[in-house]
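A short write-up of the structure that comes next.
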Amino acid sequence: MISRFLNWIGDLFIELFQRMFEFFARLFGYLFQSLFNFLKKILQPIFILIAVIFYILYKIGVLVVLLVKLFLALGKMMIMFVKGIMVTLTGFSYKGGAMPGTDKWVSVFGNISKNGLSFYQLDVVAYIALFSIWFFTALAAIRILSTIRNQ
């Protein structure tokens, strides 16, 4: 009899604590979830603003890097242009003596095509243009020679 009474009291306390903890778990779960949702709704515009600021800073950094690359490439092209002009001007002062190396005009165009055009990957276009100029010059020479013979 005492054993059943003690078992009943033990089951009562077990059930009581179980229901009490379930109640507190639901209560605190609901309160914390409500608090979390409330803070999320309030802080969401701030997080969006921070994300927009970081995105703008990232894009400004990308723009600065591109501008630096552009100015470095323009400076390199300007140096090559000045070098080509200087080589051309020194080629005009040719005195008739034998100069080592190749023709001055070839070195100018060689510097431009080797350094300047390969940087922008335009060397293939330059070779096609060079072939086209050579081809149309040959055609023009053939036409001129054919008109001279016919006269």
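None of these values were measured; they are calculated from a predicted model.
- The line from CZ of Phe32 to CZ of Phe38 is 15.5 Å long, rounded to the nearest 0.5 Å.
- In the displayed structure, Met78 atom CE is contacted under 6.0 Å by at most 12 heavy atoms of other residues, nucleotides or ligands.
- When hydrophobic clusters are built by joining Ile, Leu, Val, Met, Phe, Trp and Tyr residues whose side-chain heavy atoms come closer than 4.5 Å, directly or via intermediates, Ile14 is not grouped with Ile9.
- Separating the CZ atom in Phe36 from the CG atom in Leu31 is a distance of 15.0 Å, to the nearest 0.5 Å.
- Connection of Ile79 to Val68 is not established within any shared hydrophobic cluster, with ILVMFWY side chains joined at heavy-atom distances below 4.5 Å, either directly or through further cluster members.
- Pairs of residues two or more places apart, or lying in two chains, that qualify as salt bridge (Lys or Arg N to Asp or Glu O under 4.0 Å) and include a residue from residues 5-31 are Glu15-Arg19.
- Every residue meeting the ring pair (Phe, Tyr, Trp, His ring centres under 6.0 Å) condition with Trp134, not counting sequence neighbours, appears here in chain and number order: Phe131.
- By the 30° and 60° cut-offs, the orientation of the rings of Tyr55 relative to Tyr58 is tilted.
- Residue Leu72 is not grouped with residue Val65 when hydrophobic side chains (ILVMFWY) are merged at heavy-atom distances under 4.5 angstrom, including chains of intermediate members.
- Separation of atoms CZ (Phe17) and CZ (Phe24) is listed at 10.5 Å; rounding is to 0.5 Å.
- Put simply, the side chain of Leu43 reaches to within 4.5 Å of the side chain of Ile46, judged on heavy atoms.
- By the criterion of side-chain heavy atoms lying less than 4.5 angstrom apart, applied directly or through intervening Ile, Leu, Val, Met, Phe, Trp or Tyr residues, Leu74 is not grouped with Phe81; the two fall into different hydrophobic clusters.
- Between atom CE of residue Met80 and atom CD1 of residue Ile85 there is a gap of 13.5 Å, rounded to the nearest 0.5 Å.
- The shortest side-chain heavy-atom distance between Leu67 and Leu63 falls under the 4.5 Å cut-off.
- The closest side-chain heavy-atom distance from Tyr30 to Ser34 is below 4.5 Å.
- Cluster annotation: Val64 and Phe54 are assigned to distinct hydrophobic clusters (Ile/Leu/Val/Met/Phe/Trp/Tyr, side-chain heavy-atom contacts under 4.5 Å, transitive).
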